[in-house]
Amino acid sequence: MKKKLISVLLTGVMAASLLAGCGGAAPAPAAEAPAAATEAVEEVAETVEEAAEEVAEAVEDAGGADGLITVGFAQVGHESDWRTASTKSCQDVFSEANGYDLSFVDCDNDEAAQKEAVRSFIEQGVDYIIIDPIIATGWDTVLTECDDAGIPVIVIDRTIDDSDKYVSWVGSDFLTEGKAAGEWLKAYAEKQGITEINALIIQGTIGSSAQIGRTDGFNEIAEREGWTVLDQQTGDFTEAGGQEVMESFCKSYEGKFNVVVCENDNEAFGAMTAMDNAGVSYGPGNDVILISYDACTAGLEKVKAGGITADFECNPLAAPTVAGVIDTLEAGGTPEAQILVPDNWYALADAIVDFSVDGNAQSMIEVTDEVIEAQY
Ligand code: GYE
């Protein structure tokens with residue numbers, strides 16, 4: 001990029017000095033100026049104009065006049081505390097102070113709007129596109145367009161199933177999160193002497209890889225253990241959605257359930273309101289074991305207060321790792337295709353039990369004020 005910039009600059013300078021040379025000669029009266037000389041001047045003027053255009057283009061290629069790396073980020077939306085933390089982290093990392101010019105689009109959980117956002121980044125000619133895919137499928141066409149435009153795509157958080165036209169994915173292992181919740185429940189129920197599990201699941205946005213992994217992971221353990229999953233319905237990862245689904249569950253399954261699994265903290269907050277209104281007690285030592293995912297600050301506060309029995313983290317701070325991927329690409333290297341962000345599992349002391357996932361022993365973190373303080 002630098003070489004190209006220097007060569008077009010030189011062309012411009014040479015053409016300009018040629019023009020200056022012509023202009024410097026004692027001007028002949030216009031009428032007498034030989035046609036050839038006029039043509040020569042016009043040609044040089046054209047060359048200068050073209051060179052100027054090329055300079056502008058090369059400057060743009062080299063990261064804009066300000067030298068910033070341009071990044072477009074098509075974010076899922078603003079449905080949860082997790083999402084707020086993810087957005088903040090991206091905006092902090094891809095700041096001007098850090099050498100980036102970020103185009104951020106909140107896609108409001110609208111799949112079509114998300115594809116449009118990506119296409120607008122292609123039109124802008126950004127250097128890199130980051131996508132947190134609302135759902136896992138339907139991506140190949142737009143990713144082919146990114147590929148054709150020569151713009152590297154990095155996928156953050158949720159995964160894409162039907163295309164491999166991206167450089168790297170950085171995120172959490174949702175299937176492991178779901179299995180961890182299931183294996184924890186098995187160990188915790190044993191400790192509590194609970195022999196029968198009748199579970200209700202409030203799922204995330206259907207078709208998102210976070211929903212698919214968590215639902216499949218938990219259900220795998222439920223099937224293996226012969227538990228009853230009474231029902232599973234989506235709350236779309238929102239507090240309002242969680243409350244609405246739980247209100248209907250409380251009516252349909254009154255007195256029949258002893259476990260509620262919410263696929264994120266915000267759904268759990270909504271489910272807690274619905275259970276409060278229906279007079280159902282939940283949390284350690286109460287009628288219903290409440291399991292949640294994300295473990296953002298507000299979620300851990302509910303663990304500490306004895307509402308959520310165990311919270312399975314999904315770390316939203318993947319942006320620094322994505323910046324590392326961009327650094328590798330800028331240096332001409334090949335980043336890893338998949339980079340996992342590690343997660344922790346949280347509960348109060350009494351709900352901390354030993355369990356393993358796929359043969360790997362897991363450890364849990366006891367929720368204290370300091371732990372909450374340190375969380376995002
Ligand atoms: O769990 C939920 C959010 O994609 C992992 O999306 C993310 C999920 C997260 O809305 O709170």
Side-chain angles (χ1 to χ4, degrees), residues 73-90 105-111 113-114 130-137 139 154-161 169-181 201-218 232-245 260-272 290-303 308 310-319 321-322 338-346 375-376:
F73 177 31
Q75 173 64 294
V76 168
H78 50 272
E79 70 285 359
S80 63
D81 286 36
W82 189 100
R83 192 62 54 201
T84 306
S86 154
T87 293
K88 183 177 182 308
S89 163
C90 280
V105 179
D106 173 337
C107 302
D108 201 15
N109 222 24
D110 177 337
E111 296 154 39
Q114 193 166 39
I130 305 171
I131 304 172
D132 191 329
I134 298 169
I135 60 164
T137 52
W139 283 101
I154 301 154
V155 178
I156 187 171
D157 171 35
R158 301 182 186 175
T159 55
I160 283 175
D161 277 355
W169 164 76
V170 181
S172 293
D173 183 341
F174 307 119
L175 186 67
T176 295
E177 292 172 1
K179 288 182 188 178
I201 304 178
I202 304 183
Q203 298 166 292
T205 300
I206 298 296
S208 68
S209 68
Q211 174 273 313
I212 296 168
R214 290 169 188 169
T215 304
D216 289 355
F218 182 83
Q232 47 187 36
Q233 279 176 35
T234 184
D236 229 356
F237 283 132
T238 65
E239 181 164 350
Q243 183 172 340
E244 200 182 314
V245 173
V260 172
V261 182
C262 295
E263 287 183 357
N264 82 343
D265 283 342
N266 293 80
E267 289 181 340
F269 306 154
M272 287 162 76
L290 180 58
I291 296 174
S292 182
Y293 298 88
D294 281 357
C296 291
T297 307
L300 292 186
E301 279 166 354
K302 299 293 184 207
V303 175
I308 293 173
D311 207 341
F312 295 82
E313 185 186 33
C314 180
N315 192 322
L317 310 181
T321 310
V322 172
Q338 291 198 350
I339 305 173
L340 271 182
V341 179
D343 297 322
N344 292 305
W345 321 136
Y346 294 91
Q375 198 72 326
Y376 28 79

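All values below come from the heavy atoms of this structure, side chains included, with hydrogens, waters and symmetry mates left out. Ligands are counted one by one from 1 in listed order, and the atoms in each one are counted from 1 as well. Please read these numbers as outputs of a predicted model, since none were measured by experiment.
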(message) If you define the side chain from C-beta out and look only at heavy atoms, does anything of F312 sit under 4.5 Å from N344?
(response) no
(message) Check D294 with R83, please: is the shortest side-chain N to carboxylate O separation under 4.0 Å?
(response) no
(message) Below 4.0 Å, non-hydrogen atoms only: which portion of Y293 touches ligand 1? Side chain, backbone, both or neither.
(response) neither
(request) Using a strict cut-off of less than 4.0 Å between a Lys/Arg side-chain nitrogen and an Asp/Glu carboxylate oxygen, indicate whether R214 and E263 qualify as a salt bridge. (result) no
(message) For the CD atom on E79, are there more than 12 heavy atoms of other groups (residues, nucleotides or ligands in this structure) within a distance under 6.0 Å?
(response) yes
(message) When you compare ligand 1 with W82, is there at least one nitrogen or oxygen pair between them that comes in under 3.5 angstrom?
(response) no
(message) Checking a contact table here: which protein heavy atom is nearest atom 5 (C) of ligand 1, and how many Å away?
(response) D157 OD1, 3.2 Å
(message) Using a 3.5 Å cut-off on N or O atoms only, is E263 in polar contact with ligand 1?
(response) no
(message) Suppose we measure from atom 10 (O) of ligand 1 to each protein heavy atom; which comes out shortest, and what is that distance?
(response) E79 OE2, 2.4 Å
(message) Please list, in number order, the atoms of ligand 1 under 4.0 Å from a heavy atom of S80.
(response) 2 (C), 3 (C), 10 (O), 11 (O)
(message) So is R214 touching ligand 1 or not, going by heavy atoms under 4.0 Å?
(response) yes
(message) Less than 3.5 Å apart, any donor N or O on the side chain of Q211 or T205 sitting next to an acceptor on the other?
(response) no
(message) Do Q375 and C296 have side chains that approach each other closer than 4.5 Å (heavy atoms only, starting at C-beta)?
(response) no
(message) I'd like to check which ligand 1 atoms, numbered from 1 as shown, lie under 4.0 Å from a non-hydrogen atom of C314.
(response) 5 (C)
(request) If you have a sec, work out which protein heavy atom is nearest atom 1 (O) of ligand 1 and how many Å separate them, to one decimal? (result) D294 OD1, 2.5 Å
(request) Would you check if Q232 and F218 make a side-chain contact, meaning some heavy-atom pair closer than 4.5 Å? (result) no
